Structures are given as structure tokens and as C-alpha cells.
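A short worksheet on the structure shown next.
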Amino acid sequence: MIYIASIEEDHSLIFDGPVTYGDVSPKILTSSNLEDVKDLWEFTFLPNKEAEWPALRENALDAMQRIESHIQKPPLERSILDFGSGWGFFLAVAKERQWITLGLEPLTTCSVYARATFGLDIVTNTLREGLLPPNSFDVITSFQVFEHLPYPERDIQILGKALRPDGIILIEVPNIETWTVRLSKARHRHFVEDHINFFSERTLGRLLEKNGFKVMDRYHPVRRMSVRHLFERWIPSIMPASIAGTFQNLLRKTSLWDRTVGINVNDILGMVARRL
């Protein structure tokens, strides 16, 4: 297992309750009004996220189709929890497909946006014992979350208790065993200040199997994104900044800039596992 052994600075980690802001009213934790969060720092990321909605929707549909291949329950009887639900884009697609949805998200602005925009039920908090009712969900999903967690084994145990017997969990994390990591080394896009665990197929599988799950499916998802996102977020990690900047300047002037493309370089790892 590859991980940060000694955390000397934890300001970028979220592990002790929801993110709150000084004198901001506690009502923000349940608010559905975007006016309550428009002055918070997270709100500055929203335009880029909304611009990516067409691509994010396709990614969510891929995940939902994978999940539904393992679930026999009819629509309106299936329940799903998204652990680390972010802006609510994935759960919005699940809701469209007639799932009973719940999100758990510590970032306040993301939670408010998900409620206001998609009418989702979001708990603004971090995962802890007693927060989720036992044996309650057919499916739990977690996209790009477990790399942030100081205590991933404790968290997988808590999530396991919240699943119904034979329920399934889908986890996606950065993959440490891929050629892009070997090529980019310290410049790789996964090496950021709030990533402290770096899973491989072997270590993620072992985490699940050690804690009462049977792995049903291993995969590397195609990640759809705009050309804009590709050249602003991915390419700089594998290409000198001057060359990447030249490509950005050229592409911004074309219709390709907002086009959606699918990328799969095996640097994201997904697993579906069933609770035994």
C-alpha cells in the first residue's frame, strides 16, 4: 500500500465534520438557497463544473448502467447513497433513473448547489459511526473519495453496515499502477496536497475483501471531458507548460475547445463489490 505515512500539514483534509465558515449561520448546512453560499470560496469553481455537465452526465450514465447490471430491484424501490456527492451531478442522473437517492458531502457550497439545482437530499457532514441507518441502501457509491481519507478501513466498515445484505458498493480512485504515473512522476495530476492514499487493483481489492465484501467487477472507466478540461487539467502533468500553453491558445479559438472526448489511460481504478 502506498500512502502518506506522516501527515505534517492537514489543512487541506476534511475529516472532522462539515466545512463551516466563521460567522456563517448554521442554517447553511441544510440550505437550498444559492444566495447563502455565493460569497464562499467553493462557489468560484462552479462555472467550470457546470460547463463540464454534458461530459459528467455521460460519466454518470456509464456508472449507473454498471450498477444496474448488478441490481435486480425495480425502479422506485432501489436506494443509493453517494459518499462524497460533490455538486450532485451523479445523483441527479440516479434520480432521473428513479432511484431513491441520498448524498453525503462535507463541502457546504456543493451541498447547497445539489439541493437547489437538482432537489436532492444531501447530508452535509463527514462519515462517522451512527450517522447512517444500518441495512438501508442497496448501493453505495464513492467517486474519487478514498484517496482523501485518513482512515479508509474504518470508513469502509461504516459504509458496509449501512448497506443491505447483498448490497453493492462501487468505488473509483486514482490508480497508482499505471504508465502515466511512471512517466510524469511527481508532476502527475494525482499527486496533490489532499491525496494521501494511492491504491492499486491489488490494494483496493484487499481493502474490500478484508472487510466483508466480494469483488464482482474491476474496471478502468473511460473518463469523458471537454477538450478545455483535458488541456487545462490533464495535459500539463505530462507535457512542458510552454508546449501545453501553446496548444491551449490554439484550441481556444476553435469549436474543438468545448467538444467532449473520452480518455482512458488506466489512471482511474474502479471496483464493484457485494456485501457478504
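Values in this document were obtained by computation on a predicted structure and should not be read as measured data.
The main-chain N or O of Asp166 is found under 3.5 Å from a side-chain atom of Arg274 such that the two form a donor-acceptor pair. One N or O on the side chain of Ser12 and one on the backbone of Glu193 form a donor-acceptor pair closer than 3.5 Å. Under the 3.5 Å distance criterion, the side-chain polar atoms of Asn59 are matched with a main-chain donor or acceptor of Arg224. Formation of a donor-acceptor pair under 3.5 Å by the Glu147 side chain with backbone atoms of Phe198 is not found in this model.
The two residues Ser136 and Ser79 have their closest heavy-atom pair at O-OG, 3.2 Å. Contact record, Ile7 with Asp10: CG2-CB, 4.0 Å, taken as the closest heavy-atom pair. Contact between Asp82 and Thr141 at its shortest, heavy atoms only, is OD1-OG1, 2.8 Å. Of all heavy-atom pairs between Gln98 and Pro75, the closest is OE1-CB, 3.3 Å. Here the shortest heavy-atom pairing between Leu163 and Ile168 reads CD2-O, 3.4 Å. Minimum heavy-atom separation, Ala55 to Thr260: CB-CG2, 4.0 Å.
The CZ atom of Phe83 sits 9.0 Å away from atom CG of Leu132, with the distance rounded to the nearest 0.5 Å. Taking NZ from Lys210 and OG1 from Thr203, the interatomic distance works out to 12.0 Å, rounded to the nearest 0.5 Å. Note: Phe231 CZ to Leu250 CG = 9.5 Å, rounded to the nearest 0.5 Å. Taking CG of Asn197 as the start and CG of Leu204 as the end, the distance is 10.5 Å to the nearest 0.5 Å. To the nearest 0.5 angstrom, Asn125 atom CG is 10.0 Å from Thr108 atom OG1. Residue Ser31 holds its OG atom at 3.5 Å from CG of Asp36, rounded to the nearest 0.5 Å.
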Where do Arg115 and Thr124 land on the side chain to side chain donor-acceptor pair (under 3.5 Å) test, with the steps shown first?
CA-CA 11 Å; Arg115 296 188 199 104; Thr124 306; 2.6 Å; yes
Does His148 form a side chain to side chain contact (heavy atoms under 4.5 Å, CB included) with Leu13? I'd like the steps, not just the answer.
CA-CA 7 Å; His148 300 268; Leu13 302 181; 5.5 Å; no
For Val272 and Tyr219, what are the C-alpha separation, side-chain angles and deciding distance, and is it a side chain to side chain contact (heavy atoms under 4.5 Å, CB included)?
CA-CA 9 Å; Val272 178; Tyr219 64 97; 4.2 Å; yes
For Ile176 and Val181, run side chain to side chain contact (heavy atoms under 4.5 Å, CB included): C-alpha distance rounded to whole Å, both residues' side-chain angles, the deciding distance at 0.1 Å, then the answer.
CA-CA 7 Å; Ile176 192 65; Val181 172; 4.1 Å; yes
Run Phe90 and Leu56 through side chain to side chain contact (heavy atoms under 4.5 Å, CB included) and show every step you take.
CA-CA 8 Å; Phe90 170 75; Leu56 295 172; over 6 Å; no
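Using a 4.5 Å heavy-atom cutoff, the side chains of His190 and His195 are in contact. Proximity of His220 to Thr178: side-chain heavy atoms (C-beta onward) are nowhere separated by under 4.5 Å. For the pair Val261 and Val227, the minimum side-chain heavy-atom distance is below 4.5 Å. Between Leu170 and Val139 the shortest side-chain heavy-atom distance does not fall below 4.5 Å. Between Phe43 and Leu34 there is a side-chain heavy-atom pair separated by less than 4.5 Å. Side-chain contact check for Phe118 versus Lys95: every heavy-atom pair is 4.5 Å or farther apart. Looking at heavy atoms from C-beta onward, Ile156 lies in side-chain contact with Ile171 at the 4.5 angstrom threshold. Two residues are said to be in side-chain contact when any heavy atoms from C-beta on lie closer than 4.5 Å; Ile196 and Tyr3 fail this criterion.
Tested against Asp138, the residues Arg164, Arg78, His70 include a single side-chain hydrogen bond (donor to acceptor under 3.5 Å, both in side chains) partner, Arg164. Ser200 pairs in a side chain to side chain contact (heavy atoms under 4.5 Å, CB included) with only one of the listed residues (Glu177, Arg206, Met1), which is Glu177.
Neither Trp87 nor Val145 shares a network with the other; the hydrophobic side chains, linked directly or stepwise wherever heavy atoms of I, L, V, M, F, W or Y lie under 4.5 Å apart, form separate groups for each. Leu81 and Phe213 end up in the same hydrophobic cluster when Ile, Leu, Val, Met, Phe, Trp and Tyr side chains are linked at under 4.5 Å. Under a hydrophobic clustering in which Ile, Leu, Val, Met, Phe, Trp and Tyr are joined whenever their side-chain heavy atoms come within less than 4.5 Å, directly or via other members, Ile71 and Ile100 fall into different clusters. Leu207 and Leu149 fall within the same hydrophobic cluster, defined by Ile, Leu, Val, Met, Phe, Trp and Tyr side-chain heavy atoms under 4.5 Å apart, directly or through other members. Cluster annotation: Trp53 is connected to Met64 through the hydrophobic network of ILVMFWY side chains, with a link wherever side-chain heavy atoms come within less than 4.5 Å.
Residue Lys73 qualifies as enclosed at atom NZ: its count of foreign heavy atoms under 6.0 Å is above 12. The number of heavy atoms from other shown groups lying within 6.0 Å of CD (Glu153) is above 12. Within a 6.0 Å radius of CZ in Arg128, other residues, nucleotides and ligands contribute more than 12 heavy atoms.
At a threshold of 4.0 Å, the pair Glu52-Lys49 does not count as salt-bridged, since none of the basic side-chain nitrogens sits closer than that to a carboxylate oxygen. A salt bridge links Glu172 with Arg223: the distance from a Lys NZ or Arg NE/NH1/NH2 to an Asp or Glu carboxylate oxygen falls below 4.0 Å.
Using modelled atom types and a 3.5 Å distance limit, the side chains of Tyr113 and Glu50 yield a donor-acceptor pair. With no hydrogens or angles considered, no side-chain donor-acceptor pair links Asp258 and Ser226 at under 3.5 Å.
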